[in-house]
Amino acid sequence: MAEVPEVEDALPRAVVLELARIVLSTETLDSVLSRVADLCKKVVVGADEVSLTLVRAGRAATAAYTAELAMQADERQYGLDGGPCLDAGRGGELMHIVDMRTEDRWPDYSPLAVQVGALSSLSIPLPIQEEVVGALNIYARKPDAFAEEALAAGRAFAAYAAIAVSNADTFVSTAELAKNLQIAMESRAIIEQAKGMIMARSRCSADEAFDMLVKASQRENVKLRVLAERLVASAQGG
(Lines give C-alpha, C1' and ligand atoms only; values in the text may rest on other atoms or scores of the structure.)
Protein backbone atom coordinates (compact mmCIF):
# COMPACT_ATOMS: atom_id res chain seq x y z
CA MET A 1 0.00 0.00 0.00
CA ALA A 2 1.23 3.46 -0.87
CA GLU A 3 2.37 5.60 2.03
CA VAL A 4 0.56 8.78 3.03
CA PRO A 5 2.72 11.84 2.30
CA GLU A 6 3.65 14.51 4.81
CA VAL A 7 1.17 17.31 4.09
CA GLU A 8 0.44 18.78 7.51
CA ASP A 9 1.99 22.10 6.49
CA ALA A 10 -0.28 22.36 3.45
CA LEU A 11 -3.57 21.20 4.98
CA PRO A 12 -5.26 21.50 8.38
CA ARG A 13 -4.75 18.45 10.56
CA ALA A 14 -8.49 17.64 10.54
CA VAL A 15 -8.42 17.56 6.74
CA VAL A 16 -5.33 15.33 6.72
CA LEU A 17 -7.10 12.86 9.00
CA GLU A 18 -10.23 12.94 6.85
CA LEU A 19 -8.22 12.31 3.70
CA ALA A 20 -6.34 9.44 5.34
CA ARG A 21 -9.63 7.89 6.37
CA ILE A 22 -11.00 8.17 2.84
CA VAL A 23 -7.84 6.74 1.23
CA LEU A 24 -7.66 3.76 3.55
CA SER A 25 -11.36 2.90 3.31
CA THR A 26 -12.83 0.03 1.32
CA GLU A 27 -15.11 2.21 -0.80
CA THR A 28 -15.32 1.99 -4.56
CA LEU A 29 -12.85 4.02 -6.61
CA ASP A 30 -15.71 6.18 -7.90
CA SER A 31 -16.85 7.00 -4.36
CA VAL A 32 -13.32 7.73 -3.12
CA LEU A 33 -12.56 10.16 -5.96
CA SER A 34 -15.90 11.94 -5.55
CA ARG A 35 -15.23 12.50 -1.85
CA VAL A 36 -11.71 13.75 -2.53
CA ALA A 37 -13.09 16.24 -5.09
CA ASP A 38 -15.76 17.48 -2.70
CA LEU A 39 -13.29 17.95 0.14
CA CYS A 40 -10.80 19.67 -2.14
CA LYS A 41 -13.45 22.23 -3.15
CA LYS A 42 -14.18 22.97 0.49
CA VAL A 43 -10.59 23.44 1.60
CA VAL A 44 -8.56 24.92 -1.27
CA VAL A 45 -8.99 28.68 -1.06
CA GLY A 46 -10.29 30.08 -4.34
CA ALA A 47 -11.73 26.80 -5.63
CA ASP A 48 -15.20 27.04 -7.13
CA GLU A 49 -15.36 23.58 -8.71
CA VAL A 50 -13.07 20.53 -8.81
CA SER A 51 -12.66 17.49 -11.05
CA LEU A 52 -10.37 14.50 -11.40
CA THR A 53 -9.20 13.43 -14.86
CA LEU A 54 -7.91 9.88 -15.43
CA VAL A 55 -6.19 8.76 -18.64
CA ARG A 56 -5.91 5.07 -19.45
CA ALA A 57 -4.75 3.63 -22.79
CA GLY A 58 -4.83 7.13 -24.22
CA ARG A 59 -8.47 7.65 -23.26
CA ALA A 60 -9.25 10.56 -20.93
CA ALA A 61 -12.35 10.78 -18.76
CA THR A 62 -13.56 12.81 -15.80
CA ALA A 63 -13.86 10.29 -12.98
CA ALA A 64 -15.31 12.77 -10.46
CA TYR A 65 -16.52 16.35 -10.51
CA THR A 66 -18.32 18.73 -8.16
CA ALA A 67 -20.45 20.66 -10.69
CA GLU A 68 -21.12 21.24 -14.36
CA LEU A 69 -18.47 23.94 -14.82
CA ALA A 70 -15.67 21.47 -14.04
CA MET A 71 -17.07 18.77 -16.31
CA GLN A 72 -17.54 21.18 -19.21
CA ALA A 73 -14.04 22.65 -18.85
CA ASP A 74 -12.60 19.12 -18.83
CA GLU A 75 -14.59 17.97 -21.85
CA ARG A 76 -13.49 20.94 -23.94
CA GLN A 77 -9.93 19.67 -23.48
CA TYR A 78 -10.82 16.07 -24.36
CA GLY A 79 -12.41 17.26 -27.58
CA LEU A 80 -9.20 19.06 -28.53
CA ASP A 81 -6.94 16.33 -27.10
CA GLY A 82 -5.02 19.11 -25.39
CA GLY A 83 -5.22 21.48 -22.46
CA PRO A 84 -3.83 21.99 -18.96
CA CYS A 85 -5.41 18.93 -17.35
CA LEU A 86 -4.19 16.57 -20.10
CA ASP A 87 -0.74 18.16 -20.19
CA ALA A 88 -0.48 17.96 -16.39
CA GLY A 89 -1.44 14.28 -16.39
CA ARG A 90 0.78 13.27 -19.29
CA GLY A 91 3.74 15.50 -18.48
CA GLY A 92 3.72 15.32 -14.69
CA GLU A 93 3.90 19.10 -14.30
CA LEU A 94 1.55 21.47 -12.44
CA MET A 95 -0.32 23.82 -14.79
CA HIS A 96 -1.44 27.15 -13.31
CA ILE A 97 -3.59 29.49 -15.40
CA VAL A 98 -3.80 32.91 -13.77
CA ASP A 99 -6.20 34.47 -16.29
CA MET A 100 -7.84 32.31 -18.92
CA ARG A 101 -8.73 35.40 -20.98
CA THR A 102 -5.06 36.14 -21.69
CA GLU A 103 -3.69 32.57 -21.57
CA ASP A 104 -1.82 31.73 -24.80
CA ARG A 105 -0.38 28.26 -24.14
CA TRP A 106 -3.62 26.63 -25.28
CA PRO A 107 -5.12 29.08 -27.80
CA ASP A 108 -7.91 26.69 -28.88
CA TYR A 109 -8.94 25.72 -25.36
CA SER A 110 -8.73 29.03 -23.45
CA PRO A 111 -11.69 30.76 -25.17
CA LEU A 112 -13.84 27.67 -24.63
CA ALA A 113 -12.98 27.64 -20.92
CA VAL A 114 -13.97 31.30 -20.67
CA GLN A 115 -17.30 30.46 -22.31
CA VAL A 116 -18.14 27.89 -19.63
CA GLY A 117 -17.12 30.29 -16.85
CA ALA A 118 -13.61 29.14 -15.86
CA LEU A 119 -11.34 32.18 -15.63
CA SER A 120 -8.44 30.62 -13.72
CA SER A 121 -7.41 27.07 -12.90
CA LEU A 122 -4.92 24.65 -11.41
CA SER A 123 -4.23 21.23 -12.93
CA ILE A 124 -1.99 19.09 -10.76
CA PRO A 125 -0.59 15.73 -11.94
CA LEU A 126 -1.58 12.49 -10.25
CA PRO A 127 1.49 10.21 -10.12
CA ILE A 128 -0.31 6.88 -10.16
CA GLN A 129 1.25 4.11 -12.27
CA GLU A 130 2.38 3.39 -15.80
CA GLU A 131 -1.06 2.29 -17.01
CA VAL A 132 -3.03 5.18 -15.53
CA VAL A 133 -2.19 8.89 -15.28
CA GLY A 134 -4.37 11.81 -14.38
CA ALA A 135 -4.78 15.26 -12.91
CA LEU A 136 -6.62 17.07 -10.14
CA ASN A 137 -8.32 20.09 -11.72
CA ILE A 138 -9.36 23.10 -9.66
CA TYR A 139 -11.39 25.82 -11.38
CA ALA A 140 -12.36 29.36 -10.35
CA ARG A 141 -14.91 31.75 -11.81
CA LYS A 142 -12.59 34.72 -11.34
CA PRO A 143 -9.03 35.35 -12.56
CA ASP A 144 -5.97 35.02 -10.30
CA ALA A 145 -7.94 33.04 -7.73
CA PHE A 146 -5.12 30.86 -6.39
CA ALA A 147 -2.38 32.04 -4.04
CA GLU A 148 0.68 30.00 -3.05
CA GLU A 149 -1.24 28.36 -0.18
CA ALA A 150 -3.81 27.09 -2.66
CA LEU A 151 -1.08 25.57 -4.82
CA ALA A 152 0.40 23.78 -1.80
CA ALA A 153 -3.00 22.47 -0.71
CA GLY A 154 -3.78 21.36 -4.26
CA ARG A 155 -0.54 19.38 -4.44
CA ALA A 156 -1.43 17.68 -1.15
CA PHE A 157 -4.87 16.69 -2.44
CA ALA A 158 -3.36 15.40 -5.67
CA ALA A 159 -1.00 13.22 -3.66
CA TYR A 160 -3.91 11.66 -1.79
CA ALA A 161 -5.98 11.14 -4.94
CA ALA A 162 -3.00 9.34 -6.49
CA ILE A 163 -2.74 7.13 -3.41
CA ALA A 164 -6.44 6.26 -3.68
CA VAL A 165 -6.02 4.93 -7.22
CA SER A 166 -2.69 3.24 -6.48
CA ASN A 167 -4.09 1.49 -3.42
CA ALA A 168 -7.02 0.27 -5.48
CA ASP A 169 -4.52 -1.45 -7.77
CA THR A 170 -2.87 -3.05 -4.72
CA PHE A 171 -6.04 -4.94 -3.89
CA VAL A 172 -7.40 -5.73 -7.33
CA SER A 173 -5.98 -6.90 -10.61
CA THR A 174 -5.25 -4.54 -13.47
CA ALA A 175 -8.37 -5.81 -15.20
CA GLU A 176 -10.46 -5.04 -12.12
CA LEU A 177 -9.02 -1.54 -11.87
CA ALA A 178 -9.92 -0.98 -15.52
CA LYS A 179 -13.43 -2.14 -14.71
CA ASN A 180 -13.62 0.31 -11.80
CA LEU A 181 -12.48 3.15 -14.05
CA GLN A 182 -15.10 2.15 -16.62
CA ILE A 183 -17.77 2.23 -13.91
CA ALA A 184 -16.62 5.72 -12.94
CA MET A 185 -16.97 6.84 -16.56
CA GLU A 186 -20.39 5.20 -16.86
CA SER A 187 -21.50 7.00 -13.70
CA ARG A 188 -20.75 10.32 -15.36
CA ALA A 189 -22.72 9.23 -18.45
CA ILE A 190 -25.88 8.22 -16.56
CA ILE A 191 -25.75 11.41 -14.50
CA GLU A 192 -25.47 13.47 -17.69
CA GLN A 193 -28.47 11.62 -19.12
CA ALA A 194 -30.57 12.25 -16.03
CA LYS A 195 -29.49 15.87 -15.98
CA GLY A 196 -30.60 16.29 -19.59
CA MET A 197 -34.03 14.92 -18.70
CA ILE A 198 -34.37 17.42 -15.86
CA MET A 199 -33.30 20.27 -18.14
CA ALA A 200 -35.97 19.29 -20.67
CA ARG A 201 -38.71 18.94 -18.08
CA SER A 202 -37.91 21.98 -15.95
CA ARG A 203 -36.46 24.20 -18.70
CA CYS A 204 -33.47 24.99 -16.54
CA SER A 205 -29.72 25.28 -17.08
CA ALA A 206 -27.25 22.40 -16.80
CA ASP A 207 -25.95 23.74 -13.47
CA GLU A 208 -29.47 24.05 -12.07
CA ALA A 209 -30.31 20.50 -13.16
CA PHE A 210 -27.16 19.15 -11.51
CA ASP A 211 -27.97 21.04 -8.30
CA MET A 212 -31.46 19.50 -8.32
CA LEU A 213 -29.94 16.03 -8.59
CA VAL A 214 -27.46 16.69 -5.78
CA LYS A 215 -30.16 18.04 -3.44
CA ALA A 216 -32.47 15.12 -4.21
CA SER A 217 -29.60 12.70 -3.58
CA GLN A 218 -28.92 14.27 -0.19
CA ARG A 219 -32.60 14.46 0.71
CA GLU A 220 -33.25 10.80 -0.13
CA ASN A 221 -29.85 9.66 1.21
CA VAL A 222 -28.90 7.75 -1.94
CA LYS A 223 -25.85 8.01 -4.16
CA LEU A 224 -26.06 10.41 -7.08
CA ARG A 225 -25.55 7.63 -9.63
CA VAL A 226 -28.31 5.49 -8.08
CA LEU A 227 -30.74 8.41 -8.18
CA ALA A 228 -29.83 9.13 -11.81
CA GLU A 229 -30.34 5.48 -12.74
CA ARG A 230 -33.79 5.52 -11.13
CA LEU A 231 -34.78 8.65 -13.01
CA VAL A 232 -33.63 7.28 -16.37
CA ALA A 233 -35.25 3.89 -15.71
CA SER A 234 -38.57 5.52 -14.80
CA ALA A 235 -38.53 7.49 -18.05
CA GLN A 236 -37.74 4.39 -20.09
CA GLY A 237 -40.55 2.53 -18.36
CA GLY A 238 -43.04 5.26 -19.20
Could you name each residue pair satisfying ring-ring contact (aromatic ring centres under 6.0 Å, His included) that touches [range], not counting sequence neighbours?
range: residues 35-86; value: Tyr65-Phe210
range: residues 29-50; value: none
range: residues 187-209; value: none

Distance from [X] atom [atom1] to [Y] atom [atom2], nearest 0.5 Å?
X: Leu227; Y: Asn221; atom1: CG; atom2: CG; value: 11.5 Å
X: Ile191; Y: Arg225; atom1: CD1; atom2: CZ; value: 8.0 Å
X: Thr53; Y: Asp74; atom1: OG1; atom2: CG; value: 4.0 Å
X: Ser202; Y: Met212; atom1: OG; atom2: CE; value: 4.5 Å

Please give me the minimum heavy-atom distance between [X] and [Y], naming the atom from each residue.
X: Ala88; Y: Ala135; result: CB-CB, 4.1 Å
X: Leu119; Y: Arg141; result: CD1-O, 3.3 Å
X: Ser51; Y: Thr62; result: CB-CG2, 4.0 Å
X: Gln72; Y: Ala206; result: NE2-CB, 4.3 Å
X: Ala158; Y: Ile124; result: CB-CG2, 3.5 Å

Val45 and Phe146: CA distance, side-chain angles, deciding distance, side-chain contact (heavy atoms from CB on, under 4.5 Å) verdict: CA-CA 7 Å; Val45 176; Phe146 305 110; over 6 Å; no

Considering residues at least two apart in sequence or located in another chain, which fulfil the side chain to side chain contact (heavy atoms under 4.5 Å, CB included) criterion with Met197?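 Listed in chain order: Arg201, Leu231, Val232, Ala235.
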
List in chain and number order the residues that pass side chain to side chain contact (heavy atoms under 4.5 Å, CB included) with Asp99, two or more places apart in sequence or in another chain; answer none if no residue qualifies.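 So Asp99 forms a side chain to side chain contact (heavy atoms under 4.5 Å, CB included) with Arg101, Thr102, Pro143.
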
Step by step, work out the side-chain contact (heavy atoms from CB on, under 4.5 Å) result for Leu80 and Gln77. CA-CA 5 Å; Leu80 296 169; Gln77 299 175 66; 5.9 Å; no

Tyr139/Leu69 under side-chain contact (heavy atoms from CB on, under 4.5 Å): CA gap, chis, key distance, verdict: CA-CA 8 Å; Tyr139 296 101; Leu69 183 151; 3.6 Å; yes

Under the salt bridge (Lys or Arg N to Asp or Glu O under 4.0 Å) definition, can you give me all pairs with a residue in residues 105-121, not counting sequence neighbours?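 Counting only pairs at least two positions apart or across chains, the salt bridge (Lys or Arg N to Asp or Glu O under 4.0 Å) contacts touching residues 105-121 are Glu103-Arg105.
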
Could you name each residue pair satisfying salt bridge (Lys or Arg N to Asp or Glu O under 4.0 Å) that touches residues 203-219, not counting sequence neighbours?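 For residues 203-219, and leaving out neighbouring residues, there are no salt bridge (Lys or Arg N to Asp or Glu O under 4.0 Å) pairs at all.
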
Cluster check [X], [Y]: I/L/V/M/F/W/Y, side chain < 4.5 angstrom:
X: Val44; Y: Leu39; answer: yes
X: Tyr109; Y: Met95; answer: yes
X: Val214; Y: Ile198; answer: yes

Going by the rule salt bridge (Lys or Arg N to Asp or Glu O under 4.0 Å), which residues pair with Glu75 if we only count those two or more places apart in sequence or in a different chain?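 Testing Glu75 for salt bridge (Lys or Arg N to Asp or Glu O under 4.0 Å), a comparison that skips the adjacent residues, returns none.
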
To which residues is Met199 joined in a hydrophobic cluster, defined by side-chain heavy-atom contacts under 4.5 Å among Ile, Leu, Val, Met, Phe, Trp and Tyr, whether direct or through other members?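 Noted: Met199 shares its cluster with no other residue.
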
Taking transitive links into account, so neighbours of neighbours count too, which hydrophobic residues share a cluster with Val226 at under 4.5 Å side-chain distance?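 Its cluster partners, ordered by chain and number, are none at all.
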
Test: side chain to side chain donor-acceptor pair (under 3.5 Å). Region: residues 113-125. Which pairs qualify, not counting sequence neighbours?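 Output for this query lists Ser123-Asn137.
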
Does anything in residues 84-97 form a side chain to side chain donor-acceptor pair (under 3.5 Å)? List the pairs, not counting sequence neighbours.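 Residue pairs passing side chain to side chain donor-acceptor pair (under 3.5 Å), neighbours aside: Asp81-Arg90, Asp87-Trp106.
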
CA sep, side-chain torsions, deciding dist, call: Leu52, Leu54, side-chain contact (heavy atoms from CB on, under 4.5 Å): CA-CA 7 Å; Leu52 286 127; Leu54 297 181; 5.6 Å; no

Applying the side-chain contact (heavy atoms from CB on, under 4.5 Å) test to Leu122, which of Leu136, Val50, Ile138 qualifies?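 Answer to the side-chain contact (heavy atoms from CB on, under 4.5 Å) test with Leu122 among Leu136, Val50, Ile138: Ile138.
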
